[in-house]
Amino acid sequence: MSSLLIVEDDSSTSAALGALLRMHGHDVASAQSAVEALSQLRRHQPDLVLLDLGLPRVDGLDLLDALADEPCFSGIPVVVYSGRAEPDTVTAAKQLGACDYIVKSEDWNQTYQRIEACLARTAGGA
């Protein structure tokens with residue numbers, strides 16, 4: 001299966017999403033901040049990043065923008081997984097290259113299917 005990086009500052013949300021993905025055979029790592037995520041991405045590039053927007057210090061949109069500007073990260077699809085549902089935020093994330101935008105209140109099965117769809121659209125996906 002695929003390797004995924006969850007960038008989420010809420011440990012219970014990260015744990016629940018990680019458990020769902022591991023149950024389906026994925027290798028999951030997590031980071032609680034943009035700085036930690038960049039550090040992990042420099043060591044190991046996952047097949048997909050799940051990105052919360054409400055991160056401490058550096059907002060998830062800023063991290064998404066930084067990833068788009070770095071050629072070495074350009075092939076990694078990013079799925080925004082956020083509690084924010086404002087249309088302007090969704091549009092901004094997609095303009096910055098997000099593969100999909102999932103609102104945290106969405107059904108777990110739909111969330112998983114949408115993550116799998118993004119993985120399937122990339123050459124590295126399973």
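Note that the numbering runs from 1 along the sequence shown for the chain.
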Check your understanding: At their closest point, which heavy atom of Arg114 faces which heavy atom of Tyr101, and how far apart are they?
Key -> NH2-O, 2.9 Å
Check your understanding: Is the closest side-chain heavy-atom distance between Glu106 and Tyr81 below 4.5 Å?
Key -> no
Study note, to complete from the structure: The single option from Leu53, Asp52, Val49 that satisfies side-chain contact (heavy atoms from CB on, under 4.5 Å) with Val7 is Val49
Exercise for review: Only counting residues at least two apart or in another chain, list the ones meeting ring-ring contact (aromatic ring centres under 6.0 Å, His included) with Tyr112.
Suggested key: His24
Please tabulate, for side-chain N and O atoms in residues 34-41, each donor-acceptor pair with protein atoms closer than 3.5 Å (sequence neighbours left out).
unit_1: Glu36; atom_1: OE1; unit_2: Gln32; atom_2: N; d: 3.0
unit_1: Ser39; atom_1: OG; unit_2: Arg43; atom_2: NH1; d: 3.0
unit_1: Gln40; atom_1: NE2; unit_2: Ser30; atom_2: O; d: 2.7

Practice item. Measure the CG-SG distance between Leu67 and Cys72 for me, rounded to the nearest 0.5 Å. Key: 9.0 Å
Point to revise | Matching residue for Leu21 among Glu116, His26, Met1 - test: side-chain contact (heavy atoms from CB on, under 4.5 Å) | key: His26
Practice item. Nearest 0.5 Å please: distance from the CD1 atom of Ile102 over to the CD atom of Gln113. Key: 10.5 Å
Check your understanding: Do Leu119 and Val80 belong together in a cluster built from hydrophobic side chains that touch within less than 4.5 Å?
Key -> no
Check your understanding: So do Phe73 and Val78 actually touch side chain to side chain, heavy atoms under 4.5 Å?
Key -> no
Point to revise | Distance (rounded to the nearest 0.5 Å) between Leu51 CG and Cys99 SG | key: 12.5 Å
**Study point:** Pairwise side-chain contact, Ser2 with Leu48, heavy-atom cut-off 4.5 Å (strictly under)
**Key:** no
Check your understanding: Which distance, rounded to the nearest 0.5 Å, do you find between the CG of Asp27 and the CG of Leu4?
Key -> 8.0 Å
Review point. What's the verdict on side chain to side chain contact (heavy atoms under 4.5 Å, CB included) for Leu17 and Glu8, showing C-alpha distance, side-chain angles and the deciding distance?
Key: CA-CA 10 Å; Leu17 187 56; Glu8 168 65 63; over 6 Å; no
Practice item. Could you pull out the closest heavy-atom pair between Val103 and Ala85, with the gap in Å? Key: CG2-CB, 4.0 Å
Check your understanding: What's the verdict on side chain to side chain contact (heavy atoms under 4.5 Å, CB included) for Leu61 and Asp65, showing C-alpha distance, side-chain angles and the deciding distance?
Key -> CA-CA 6 Å; Leu61 285 176; Asp65 190 30; over 6 Å; no
Point to revise | Arg121/Asp100 salt bridge by N-O under 4.0 Å criterion | key: no
**Study point:** OG on Ser33 to CZ on Arg57, rounded to 0.5 Å
**Key:** 8.0 Å
Review point. Are Leu63 and Val79 in one and the same hydrophobic cluster, where Ile, Leu, Val, Met, Phe, Trp and Tyr link if side-chain heavy atoms are under 4.5 Å apart?
Key: no
Practice item. Give, for atom CG of Leu20 and atom CD1 of Ile115, the distance between the pair rounded to the nearest 0.5 Å. Key: 7.0 Å
**Study point:** Hydrophobic cluster identity match, Met23 and Leu5, side-chain contacts under 4.5 Å
**Key:** no
**Study point:** pair Leu55-Asp62: side-chain heavy atoms closer than 4.5 Å
**Key:** no
